[in-house]
Protein chains: 2
Amino acid sequence: MDYVTIKDVAKRLNLAVSTISRAFNDKYDIKKETKELILKTATEMGYHPNPMAKKLTQKRSFNIGIVVPEFINGFFPEVIIGAQEILFEKGYQVLITQSNESYESEIKNVKTLVDNMVDGLIISLSSESKNTDYYQTLIDKGFPIVFFNRVNSKLKSSKILFNDYKWALFATEHLITQGYKNIVHLEGLESLTLSKERKRGFIDAHKKYKIELTSNHFIKSGFTIESGKATAELMIKNNQIPNAIFASCDPPAIGAMMVFKENGYKIPTDIAFVGFTESKLAGLINPPLTSVMQPTHDIGVEAAKMLLDQIENPHAYLPQTIILNGTLNIRESSVKII
Amino acid sequence: MDYVTIKDVAKRLNLAVSTISRAFNDKYDIKKETKELILKTATEMGYHPNPMAKKLTQKRSFNIGIVVPEFINGFFPEVIIGAQEILFEKGYQVLITQSNESYESEIKNVKTLVDNMVDGLIISLSSESKNTDYYQTLIDKGFPIVFFNRVNSKLKSSKILFNDYKWALFATEHLITQGYKNIVHLEGLESLTLSKERKRGFIDAHKKYKIELTSNHFIKSGFTIESGKATAELMIKNNQIPNAIFASCDPPAIGAMMVFKENGYKIPTDIAFVGFTESKLAGLINPPLTSVMQPTHDIGVEAAKMLLDQIENPHAYLPQTIILNGTLNIRESSVKII
DNA sequence: ATATTTTACGGAAACGCTTCCGAAAAAAGA
DNA sequence: TCTTTTTTCGGAAGCGTTTCCGTAAAATAT
């Protein structure tokens, strides 16, 4: 591929390259007519400013790195699409890496992105319990970073969060007001704040309605369907069947629901279900699963906006936190009387 | 962020920048000891070659663009991960764009990627029936492109394909040998070759077993769960229930299965199901869905390899086509006697 | 009319790197 | 020992831009 350069345009019009440059970056003094002439013949010749040269002189890569734990499930892709929309519009390129839920590969990804001189990073941590020194060093250097979804409270940085506590409380409250009193919470990974927050919401909903909770009401579960299945099988084996299950996210709820159904339990009559972070499956399975829907697209949009704000105003930078709201999508899995 | 440059390293060691450059690109004559010294002090100083400058001199962006119709469902993300793995390893960056199944936004994406001087493209078309002139022009210019999954047969270009015909034939054959004779095919979008190929496999399996097919055995369906639901509802309403359904992809099969289940049909006794392009849900729903699994990860790997091959040997370029194999994951939805 | 300001553009350096050319130093050959 | 070859490095040009500085020409003021 042979590209047309600024010199070619200059030669053609018998102008200096600086004039051509001025025509494309309208902040300098240039006569209106010549500018129009330049732009016209430039497009005729098929000239596009070489992004590499531009980046070199401007000492900016116009690249933004996004690091997520995975992007097989729908959640992160949706966030990424949201971020890309506004980043692309502003002329930024987006480099996406996935850490595969591994701290090591996450740090490695971040380092390569920084070495490749991205202008900023949007990150959802694979684990919040690990060492965050590297991130802190970057932040202290003034490197623009926005965290979302999975963050570390110690890091003094901009964050886009979801009000996990509030919506877990709402979701639990929904179950309680539906008449379910003996509710078990399937907890998420302990290393994540969002798990703790959802648990806290679950607990406070019970406090509000003055319902006692024992340790039997909490079962540690993962993020997978399999873990939900295993939990349900154990419950059935021990014959400890609660009225309802509130899961820290959809997959374990779905897994547990599948097992209970297979064992002849009626849903939601015998046992009700509420999930979290609305997955594609929620509305599709039978019965459809009540779940808290997060504003995935908006999370991406807000993260991108915040990052650009930080990049463009490097001096007046103050770490901000935006907390977004969601929706409780109430479906058959948790509604006692239809 | 202030970066250490090659000049800083040169000054520190009282060497010429060219020597430092040689140390980092070991194709030139340089003494082993000085090279080691340079590399050592360079890492000490925290020097990383500026990718923008490198790209400018080498007239290569080391960027690869990937264009997919969507990446909410698992298929394309898995392909992308496969491609990224080998691209990253070779020092390439990956720019991912999604066309949202729209021809216009696909072309727009491709054009911005080309303007940003990506060294090559990996593309899955949003629609194969639209104008492909732009792609042909690029290919004629020698621009490296590899198509996968959704391709246009007219384009003389490298392709990574799946043997849709063969595996559709296998899948249908499986149903026939299980004893299902009256099988309906839910066809995919007509504009895609893969739909035609799967249909052809379905037909030829019937020919092989000398089973008659009428137009009643073909129902046009989309790629969604909803379309499958609608089709099933129509079948039930018209009381035209086949022995089995072979769908062009999983979602319509799942949708149809849900409706039949809700209406009291036993699966696979009353009606059996086979899907295509193994989705996450296939193994999770009840009963688990038999489906053809595509080697998503390998598709990405092979596409990336082929593209790099094309980039690195621009002259000896010959369009290749790799056809990959899959697996028929036989599950309960299609097994008559367990 | 001339003096002064403004406008519009050219020239050139710089961004950080690669790579060609040439030459000193070292090694090998005579 | 002197010549020839090889090794190792320095100097400089060039990649395609941006941007600073300077200056004719045009516009305005005197």
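Every chain is numbered from 1 and lettered A, B, ... according to where its sequence line falls, protein lines coming before strand lines.
- Note on A/Lys59: only backbone sugar-phosphate atoms sit closer than 4.0 angstrom, heavy atoms only; bases stay farther off.
- The side chain of A/Lys32 contributes no N or O atom lying less than 4.0 Å from OP1 or OP2 of C/dT7.
- In this structure, NZ of B/Lys11 is placed 13 Å from C1' of C/dG16, rounded to the nearest angstrom.
- Of all nucleotides listed (D/dT17, C/dG16, C/dT18), C/dT18 comes nearest to the side chain of B/Gln58.
- The phosphate of C/dA25 (OP1 or OP2) has no side-chain N or O of B/Lys31 nearer than 4.0 angstrom.
- Residue B/Tyr47 has a polar side-chain atom (N or O) positioned under 4.0 Å from OP1 or OP2 of C/dC17.
- Comment: B/Glu44 engages B/Lys40 in a salt bridge, judged by a side-chain N to carboxylate O separation of less than 4.0 angstrom.
- B/Phe24 comes within 4.0 angstrom of nothing in the nucleic acid, heavy atoms only.
- Here A/Tyr47 contributes atom OH and A/Arg12 contributes atom CZ; the two are 14.5 Å apart, rounded to the nearest 0.5 Å.
- Contacts of B/Asp8 with the nucleic acid, taken as non-hydrogen atoms under 4.0 Å apart, are absent.
- A sub-4.0 Å separation between OP1 or OP2 of D/dT19 and a side-chain N or O of A/Asn25 is absent.
- Contact annotation for A/Thr5: backbone-only contact, meaning every heavy-atom pair under 4.0 Å involves sugar-phosphate atoms and none involves a base.
- Following rounding to the nearest Å, B/Leu13 (CG) and D/dT8 (P) show an atom-to-atom distance of 17 Å.
- Contact between the side-chain N/O atoms of B/Thr34 and the OP1/OP2 oxygens of D/dT8 is not found at any separation under 4.0 Å.
- Counting to the nearest Å, the P atom of D/dG14 and the CE atom of B/Met52 are 24 Å from each other.
- Counting to the nearest Å, the C1' atom of D/dT8 and the CG atom of B/Leu37 are 14 Å from each other.
- Between the CD1 atom of A/Ile30 and the P atom of D/dA26 there is a distance of 17 Å, rounded to whole Å.
- To the nearest angstrom, C1' of C/dT19 lies 12 Å from CD1 of B/Ile6.
- The side chain of A/Lys7 places an N or O atom within less than 4.0 Å of a non-bridging phosphate oxygen (OP1 or OP2) of D/dC15.
- Under the 6.0 Å distance and 45° angle rule, B/Lys111 counts as a cation-pi partner of B/Tyr134.
- When heavy atoms are screened at a 4.0 angstrom cut-off, B/Leu15 is found touching the sugar-phosphate backbone but no base atom.
- A donor N or O paired with an acceptor N or O is found under 3.5 Å between the base of D/dC9 and the side-chain atoms of B/Asp29.
- Ring geometry for B/Phe71 versus A/Phe71: interplanar angle of 30 to 60°, hence tilted.
- As a whole-Å value, the separation of B/His48 NE2 from C/dC17 C1' is 16 Å.
- Counting any heavy atom pair closer than 4.0 Å across all strands shown, A/Leu56 reaches a base atom.
- Considering B/Leu161, B/Thr296, B/Ile160 as possible partners of B/Leu324, the one that fulfils the side-chain contact (heavy atoms from CB on, under 4.5 Å) test is B/Ile160.
- Between A/Tyr92 and A/Phe62, the angle of the ring planes lies from 30° to 60°, which puts this pair in the tilted group.
- Taking side-chain N and O atoms only, A/Thr19 has a distance below 4.0 Å to OP1 or OP2 of C/dG10.
- In this structure a side-chain-to-backbone donor-acceptor pair under 3.5 Å is present from B/Gln310 to B/Ile145.
- Across the protein-nucleic acid pair, B/Arg60 atom CZ and C/dT19 atom C1' stand 16 Å apart, rounded to whole Å.
- Proximity note for B/Ala16 (side chain, C-beta onward) versus C/dC9, D/dG10, D/dC15: the nearest is D/dG10.
- Here the nucleotide nearest the side chain of A/Ser18, chosen from D/dT19, C/dC9, C/dT18, is D/dT19.
- Listed pair B/Ser21 / C/dC17 fails the phosphate criterion, with no side-chain N or O lying under 4.0 Å from OP1 or OP2.
- Checking B/Asn50 against A/Arg22, the closest nucleotide of DNA chain C that is more toward the 5' end is the one next to A/Arg22.
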